[in-house]
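Here's the structure we're looking at; comments come further down.
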Amino acid sequence: GCIISDSVAIPVTNSGTDEFYLDVSDRVGNHKISEKKNITIDVTPPDITHLQVMQGDEVLSTISHHAALSVDVAFDIVEENISSITADLSSFNSNPAIIPTLKSVVVPKSSCVYNATDVVYHCIIRNVALYINDADVSPTITVTDTFGNKKTVSENISFTIDHTIPKPTD
């Protein structure tokens, strides 16, 4: 037999599931249609929402000047098929020895809880050392799905600085 190979680029702009098959004919009139196969195409990157700094179950909004706290970073990912999650939390700490360890944090999928009804992963990075000289942090979350679609979200979060000096009580 004769084997000929060729490739055809098919522009893909929408996600979805469709049928794929080959319909071939030769110059002498032989004709064959291959078995139909389903193909899933995903060109939609994950969506990252609700990026927050938490202390316990509360959103952290006020810190004392030069506060040293252990905080959690919470966020949601709208995506069914997550391949990887990384975070840059280097803005959370002004200590030059700590900054590199917060630059590229690999977030295990076990840090997330999947809600199948809403198709959302609720993720928490626990016990991040927050020690900053100003009132702002800028966490960056990057998520890649199993189809290679990637999304990066960075959010500036401002805290109110509490300058009140505590007074002893009797």
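The shown structure was predicted, so the numbers you read here are calculated from the model rather than taken from an experiment.
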[X]-[Y] co-clustered via ILVMFWY side chain contacts under 4.5 Å:
{"X": "Val78", "Y": "Val143", "result": "no"}
{"X": "Phe159", "Y": "Phe75", "result": "yes"}
{"X": "Val53", "Y": "Ile141", "result": "yes"}
{"X": "Val59", "Y": "Ile48", "result": "no"}
{"X": "Ile157", "Y": "Ile63", "result": "yes"}

Do the side chain of Asp47 and the main chain of Ile77 share a donor and acceptor less than 3.5 angstrom apart?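 Side chain of Asp47 to backbone of Ile77, a donor-acceptor pair under 3.5 Å: no, none is there.
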So, Ser94 side chain and Tyr131 main chain: donor-acceptor pair closer than 3.5 Å or not?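 Yes.
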Once rounded to the nearest 0.5 Å, what's the spacing between atom [atom1] of [X] and atom [atom2] of [Y]?
{"X": "Leu60", "Y": "Thr160", "atom1": "CG", "atom2": "OG1", "result": "9.5 Å"}
{"X": "Thr146", "Y": "Glu79", "atom1": "OG1", "atom2": "CD", "result": "6.5 Å"}
{"X": "Asp145", "Y": "Asn81", "atom1": "CG", "atom2": "CG", "result": "7.0 Å"}
{"X": "Ile124", "Y": "Ser111", "atom1": "CD1", "atom2": "OG", "result": "9.0 Å"}

With heavy-atom distances below 4.5 Å as the criterion, would you say the side chains of [X] and [Y] are in contact?
{"X": "His122", "Y": "Val120", "answer": "yes"}
{"X": "Asn93", "Y": "Thr101", "answer": "no"}
{"X": "Ile132", "Y": "Leu130", "answer": "yes"}

[X] versus [Y], closest heavy-atom pair with distance:
{"X": "Ile85", "Y": "Cys123", "value": "CD1-SG, 4.4 Å"}
{"X": "Ala87", "Y": "Ile125", "value": "CB-CD1, 3.7 Å"}
{"X": "Thr44", "Y": "Asp42", "value": "N-OD1, 2.9 Å"}
{"X": "Ala97", "Y": "Asn95", "value": "N-OD1, 2.8 Å"}
{"X": "Lys109", "Y": "Ile82", "value": "NZ-O, 3.6 Å"}
{"X": "Thr152", "Y": "Thr140", "value": "CG2-CG2, 3.4 Å"}

Would one find more than 12 heavy atoms of other residues, nucleotides or ligands at under 6.0 Å from atom NZ of Lys150?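 Not more than 12 within 6.0 Å, no.
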Side chains of residues 28-35: which donor-acceptor pairs under 3.5 Å do they make with residues two or more places apart or in other chains?
unit_1: Asn30; atom_1: ND2; unit_2: Asp26; atom_2: OD2; d: 2.7
unit_1: His31; atom_1: NE2; unit_2: Asp23; atom_2: OD1; d: 2.5
unit_1: Ser34; atom_1: OG; unit_2: Leu22; atom_2: N; d: 2.7

Does either side chain, that of Asp162 or that of Ser64, offer a donor lying less than 3.5 Å from an acceptor on the other one?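 Checked: Asp162/Ser64 side chains show no N/O donor-acceptor pair below 3.5 Å.
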Return each pair, listed once, that meets ring pair (Phe, Tyr, Trp, His ring centres under 6.0 Å) where at least one residue sits in residues 96-119; pairs must be two or more places apart or across chains.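 Those involving residues 96-119 are Tyr114-Tyr121.
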Would Lys36 and Tyr21 count as a cation-pi pair here, with the cationic atom under 6.0 angstrom from the ring centre and within 45° of the axis?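 Judged by the rule, Lys36 and Tyr21 form a cation-pi pair.
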